[in-house]
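One structure is given below, encoded as C-alpha cells.
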Amino acid sequence: MPISNAALATSRDVYSNQFISELTPELTALRMFAVNCTDEIVAEGTSVEVGVTEAGVVSDFDAKTNNYDRSKSVIQPKMIKVTLDQHPITGFALPQDVLMNFRPTFWKDRGEKDAEVMAASIQSRFFGMVTAANFGDTAKDKVSVVSETFNKGSLKAIRIALPKKNMVARNTVLALNPTLYAGLLDSLDANTYGGVEAIRSGVIPRLLGFKAVVEVPTLEIPGFACHGDALVMASREIWVADKTPYRQFTSTTEENTGMRFNSVILTDGPSATTSYSTDVLFGVAVGNGGSLIRLLEKV
C-alpha cells in the first residue's frame with residue numbers, strides 16, 4: 001500500500017521544522033552583512049543588483065558657492081551585481097517500509113544533521129570570498145595574530161589598523177574562527193559578553209566597541225574585520241517549470257536571512273524509494289572592497 005500524502009506531509013513538517021529551527025542560529029552571523037533576500041522567483045544564473053551605501057565627502061563650507069545645496073552630490077547607492085549561481089542541496093532517500101513506520105525522533109534528528117551541513121555549505125561559500133585577491137594583500141590589508149594566545153589584548157593591533165583603511169570600530173564586524181573566538185571569550189568576564197547565549201549564537205553585538213564579534217566555524221584563516229557592506233549576498237526563490245513530478249513541493253523562509261528553502265518530496269516507483277530534499281538559491285559578491293582587513297597567522 002503506497003504511503004498517503006497526509007503521512008508524507010507529517011514527516012515533511014517534522015523534518016522541515018527541525019531543519020529551519022537548527023539552521024536559524026547557525027546563520028545568525030549573516031545578519032551583520034549586506035544580505036538581500038526576497039521571495040521573487042528567478043532562474044538559476046540570474047543576476048540581481050544589491051545597493052550598498054558609500055561614505056560621503058566632507059569639505060569646507062563656502063558661502064559663495066552655497067554648498068548647503070548638495071544637488072551635485074546626490075547620494076546613489078553603489079549597486080553590486082550578484083549572480084545567483086550557488087545552489088546547494090541536501091537530502092536523503094528512504095524505502096517504503098521505513099516511511100510506513102513513522103518515528104518523530106528520526107525525522108528530527110535528520111533535520112538537525114542536514115541543517116548543520118547546509119549551514120556549513122552556505123557559510124563556506126559566503127565567507128570564502130575573504131581572500132587576498134578580493135581584498136588586497138598590502139600591509140594595511142592584514143594584521144598578524146597568534147591563535148594560541150589570542151585574547152582581548154590582541155584587539156589593540158586590529159583597532160590600530162582600522163583607521164588606515166578609513167574604518168571605524170563601531171561599524172566593524174570582527175569575524176573569528178573558533179580558536180580565536182574561544183580565546184577572546186576566555187579572556188573576558190561572562191557578564192561582558194552574555195555568557196552561555198553568546199556561545200550558543202556565536203554573535204556578540206557591541207562587544208568592546210565593535211559592531212559585533214561573530215564566530216565563523218568555516219573560516220580558513222584566523223579571522224577578519226570589516227564593515228558589513230564588504231560582503232554581499234542575494235537570495236531568491238528557485239524557479240521550477242513544473243512541480244507535477246513531485247509528490248510535494250513547499251517553501252519555507254529562514255527568519256535571520258530571509259532565504260527561501262524548498263522542501264521537495266519525490267517518489268521513485270521502480271526503486272520503491274521516496275526522496276526528501278532541501279535546497280536554496282543564492283549568490284555572493286564583494287561589496288565595498290576597501291573596508292576589510294584579514295587576520296593572518298603570524299609567521
Side-chain angles (χ1 to χ4, degrees), residues 1-31 35 37 39 41 44 86-126 178 195-203 214-218 235-282:
M1 182 178 68
I3 190 168
S4 68
N5 284 333
L8 286 175
T10 299
S11 57
R12 179 206 66 206
D13 289 346
V14 173
Y15 169 82
S16 297
N17 290 341
Q18 190 67 30
F19 179 90
I20 292 296
S21 177
E22 294 295 328
L23 187 71
T24 293
E26 297 294 331
L27 299 184
T28 300
L30 297 186
R31 293 187 304 180
V35 176
C37 303
D39 59 1
I41 299 175
E44 183 174 349
Q86 304 294 313
H87 189 173
I89 184 171
T90 185
F92 54 95
L94 293 173
Q96 297 303 301
D97 60 327
V98 175
L99 284 173
M100 296 296 289
N101 295 287
F102 175 68
R103 293 184 294 112
T105 53
F106 166 82
W107 294 100
K108 288 182 179 180
D109 184 60
R110 190 70 210 195
E112 180 178 340
K113 287 180 168 55
D114 284 354
E116 290 174 358
V117 295
M118 178 62 79
S121 177
I122 293 171
Q123 289 184 355
S124 293
R125 297 163 195 244
F126 184 65
V196 174
E197 187 56 37
I199 298 173
R200 183 182 296 115
S201 68
V203 176
V214 303
E215 179 185 24
V216 181
T218 60
S235 180
R236 300 292 186 269
E237 190 163 345
I238 301 169
W239 181 77
V240 179
D242 184 5
K243 297 180 181 179
T244 54
Y246 310 112
R247 287 287 297 272
Q248 294 182 14
F249 194 110
T250 60
S251 298
T252 307
T253 301
E254 191 284 309
E255 63 181 28
N256 266 329
T257 60
M259 299 176 80
R260 295 280 288 174
F261 289 84
N262 288 330
S263 179
V264 182
I265 300 176
L266 174 66
T267 297
D268 179 60
S271 65
T273 59
T274 297
S275 296
Y276 284 67
S277 300
T278 303
D279 65 342
V280 66
L281 177 66
F282 68 97

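- Side-chain contact between Lys108 and Val14 is present, with heavy atoms from C-beta onward closer than 4.5 Å.
- By the ring pair (Phe, Tyr, Trp, His ring centres under 6.0 Å) test, Phe106 is found to be paired with no residue, residues two or more places apart in sequence or in another chain being considered.
- Taking both residues in full, the closest heavy atoms of Ser16 and Ser263 are given as OG-OG, 3.3 Å, listed atom of the first, atom of the second, then distance.
- A donor-acceptor pair shorter than 3.5 Å can be found between the side chains of Asn256 and Thr28.
- Atom CG of Leu94 sits about 11.5 Å away from atom CG of Asn101, to the nearest 0.5 Å.
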**Request:** Take Tyr276 and Asp114, measure what side-chain contact (heavy atoms from CB on, under 4.5 Å) needs, and give me the verdict at the end.
**Result:** CA-CA 11 Å; Tyr276 284 67; Asp114 284 354; over 6 Å; no
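- With contacts defined as side-chain heavy-atom distances shorter than 4.5 Å, the pair Glu254/Phe261 qualifies.
- Not a single donor-acceptor pair under 3.5 Å links the side chain of Thr253 to the backbone N or O of Arg260.
- The closest donor-acceptor contact from the side chain of Glu26 to the backbone of Gln123 lies at 3.5 Å or more, if one exists at all.
- Atoms CE and CD1, from Met118 and Ile20 in turn, are 9.5 Å apart once rounded to the nearest 0.5 Å.
- Contact record, Val214 with Ala29: CB-CB, 4.0 Å, taken as the closest heavy-atom pair.
- Atom CZ in Phe19 sits 10.5 Å away from atom CD in Glu116 (nearest 0.5 Å).
- Residue pairs meeting the salt bridge (Lys or Arg N to Asp or Glu O under 4.0 Å) criterion with at least one partner in residues 5-17, sequence neighbours excluded, do not occur; the list is empty.
- One finds the OG1 atom of Thr105 at 11.5 Å from the CH2 atom of Trp107 (value rounded to the nearest 0.5 Å).
- Qualifying salt bridge (Lys or Arg N to Asp or Glu O under 4.0 Å) partners for Arg125, counting only residues two or more places apart in sequence or in other chains: none.
- Side-chain atoms of Ser124 come within 3.5 Å of backbone atoms of Ala120 as a donor-acceptor pair (strictly under, hydrogens ignored).
- Applying the salt bridge (Lys or Arg N to Asp or Glu O under 4.0 Å) rule to Lys243 yields no partners; only residues at least two apart in sequence or on another chain are considered.
- Pairs passing the salt bridge (Lys or Arg N to Asp or Glu O under 4.0 Å) check and including a residue from residues 263-276, sequence neighbours excluded, do not occur.
- Side-chain contact between Ile122 and Leu30: present, with at least one pair of heavy atoms (C-beta onward) separated by less than 4.5 Å.
- Between Thr267 and Thr274, some side-chain heavy-atom pair lies under the 4.5 Å cut-off.
- Residues meeting the ring pair (Phe, Tyr, Trp, His ring centres under 6.0 Å) test with Tyr15, sequence neighbours left out: Phe92.
- Of all non-hydrogen atoms in Ile238 and His87, the two that sit nearest each other are CD1-NE2, 3.4 Å.
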